[in-house]
Amino acid sequence: MAKRKIVSLPGDGIGRVVLEQTIRVLKAAGFEAEYLEGDIGWEFWRTEGDPLPQRTIDLLQEHKIALFGAITSKPKEEAANELIPELQNKGLIYSSPIVALRQHFGLDICLRPCRTYEGNPLNFIRRGATGEIEEPKVDVAIFRQNTEGLYGGVEWSNPPEDVHKALMTHPKFKKNFGQTPKEEISISTRIFTKKATERILRAAFDYAKKFGYKSVTVAEKPNVIRETSGMMYRMAKEMQKNDYPEIELWNTNIDAQMMWLTKNPETYGVIVAGNMFGDIVSDGFAGLIGGLGFASSSQMNPETGIGVFEPTHGSAPKYADYETSIVNPIAMVESAIMMLDFIDEKEIANKIRKAVAQVIKEGKIRTYDMMKMSGRADVIEKGAASTIEMADAIIAKL
Ligand code: NAI
Ligand code: MG
């Protein structure tokens, strides 16, 4: 059989080292693939004026599955100043290549699992009823709508006349904002479509069914944001009643959910939310299982079978040039495990999952974050494992 082809998108900073080490783990686990490197990130913005060149889009279109490290983004002016002289003053405006990838390929299903590893010193603990220390086991899968809502990019400061006029037809706008000069108003819209809402809900319910979770929680704010959150919850109720009667549907408000996070995180199974609330609630849960060194994600379009698998952390530029890399590769390795699940390589996925769990449980090899150190070059001298040593430890358990 022809070797499977995987697009590798290392990007910038620590994205490069965590991806390189993850590919070593995949090879050692017996996953046979050819990796085709795609250009993405700051270097391509600087030298070509495009952080996501068309050739990279074509590569992903052809091969469908990508592992992605991280990219560096900078504010508009700074980005323009770093362009090579030939590209200066041509009116090029920087925008994030990740958002561009999501929008181009309609990667509207974002999954961020948060599971406790036994023995991880970063696990959340709390006091029980009689003062004893409890370490609740978190096993939550968060489904975040990835392309719409408050991050959809439809926004204005000093909105155009016709937009303002349309808003004035809304009684609440007229009453509360009608006296404010147009120039003093900024608006960010929150648009939900039925199609995308249906897709993210269905993905969440299907996942709950497939992996035996007993509940799906909609974490929104339907009592206040009646039209968008309200639509999502109403559709979830319909869907649960018609297609998933065996799964419980829970409804929490996002603010209360963030409070309950530390009270009873073990109670939740699958959680589904719009773009921004999904972003917030997934970071909240990630904090309970070890933070950025452990937070993985996938972005998928189930119709086309295109999937991009990446840690949720960024390029951490301050560690990028360390002679010995100190960052934790587990979030990237976890993302690769999700990729293996997606392409039905369950056996290899489970093998790596088990190896990671063993390394964490043994506790002999720990990166600086797991030792609760501040990230500095001397953490290795102080006993922290390097990125490569962590990958070695995982490989040794395979
Ligand atoms: P970051 O995630 O890169 O780093 C924040 C801090 O988290 C680091 O300084 C480090 O202390 C810790 N950290 C991150 N990854 C770690 C790992 N694997 N192991 C141990 N510790 C880890 O976020 P920051 O500093 O806000 O952004 C840096 C750059 O990354 C920016 O240019 C930002 O735009 C970009 N970014 C890119 C993302 C992506 O590619 N998906 C996501 C978030 C930020
Ligand atoms: Mg986030």
Side-chain angles (χ1 to χ4, degrees), residues 8-22 25 38-46 51-52 56 66-79 82 94-103 107 110-112 117 120-122 144 146 151 275 278-280 282-283 286-287 289-299 308-322 324-336 338 356 359-360 365-380 384-391 394:
S8 78
L9 304 171
D12 301 309
I14 64 163
R16 306 196 72 82
V17 59
V18 293
L19 183 48
E20 187 186 327
Q21 293 309 311
T22 296
V25 172
D39 297 335
I40 190 167
W42 201 248
E43 196 48 34
F44 304 97
W45 160 253
R46 261 187 11 85
L52 179 66
T56 306
L67 286 172
F68 177 37
I71 50 98
T72 296
S73 282
K74 294 183 191 179
K76 217 159 86 177
E77 289 77 23
E78 218 178 308
E82 289 195 26
Y94 179 82
S95 65
S96 159
I98 308 181
V99 176
L101 262 185
R102 282 177 197 156
Q103 289 175 341
L107 304 173
C110 174
L111 167 58
R112 294 180 166 187
Y117 276 112
N120 185 351
L122 300 176
R144 161 190 173 190
N146 214 23
Y151 295 177
N275 207 339
D279 194 12
I280 292 173
S282 60
D283 273 19
I289 57 118
L292 288 174
F294 293 87
S296 59
S297 84
S298 67
Q299 318 188 70
V308 176
F309 301 81
E310 55 163 322
T312 64
H313 65 70
S315 60
K318 61 182 176 186
Y319 307 141
D321 298 326
Y322 280 17
T324 305
S325 171
I326 63 165
V327 295
N328 189 346
I330 290 178
M332 181 80 238
V333 172
E334 281 275 347
S335 307
M338 290 171 82
V356 172
V359 171
I360 295 173
I365 301 289
R366 287 176 171 168
T367 43
Y368 82 94
D369 52 326
M370 299 172 78
M371 300 184 80
K372 309 188 189 208
M373 294 173 170
S374 315
R376 286 212 312 256
D378 63 358
V379 297
I380 304 285
S386 68
T387 310
I388 294 179
E389 283 168 335
M390 179 54 93
I394 296 168

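Atoms within each ligand, like the ligands themselves, are counted from 1 in listed order. These numbers were taken from a predicted model, which means no experiment stands behind them. The first residue in the sequence is number 1, and the count goes up from there.
- Residue pairs meeting the salt bridge (Lys or Arg N to Asp or Glu O under 4.0 Å) criterion with at least one partner in residues 368-380, sequence neighbours excluded, are R376-D378, D378-K382.
- Taken to the nearest 0.5 Å, the OG1 atom of T387 stands 11.5 Å off from the OH atom of Y319.
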Residues 8-19 side chain polar contacts: donor-acceptor under 3.5 Å, at least two apart:
| from | atom 1 | to | atom 2 | distance (Å) |
| --- | --- | --- | --- | --- |
| D12 | OD1 | W42 | N | 3.2 |
| D12 | OD2 | W42 | N | 3.0 |
| D12 | OD2 | T72 | N | 2.8 |
| R16 | NH1 | G11 | O | 2.7 |
| R16 | NH2 | E37 | OE2 | 3.2 |

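- Contact of the I289 side chain with the N120 side chain is not registered, since no non-hydrogen atoms from C-beta on lie closer than 4.5 Å.
- Listed by chain and number, the residues in a side chain to side chain donor-acceptor pair (under 3.5 Å) with K318 amount to none (sequence neighbours excluded).
- Contact shell of ligand 1 (protein heavy atoms, cutoff 4.0 Å): I14, A70, I71, T72, S73, I98, L292, E310, T312, H313, G314, S315, A316, P317, K318, Y319, V327, N328, Y368, D369.
- Remark: side-chain polar atoms of T56 are not paired, donor with acceptor, to backbone N or O of L52 under 3.5 angstrom.
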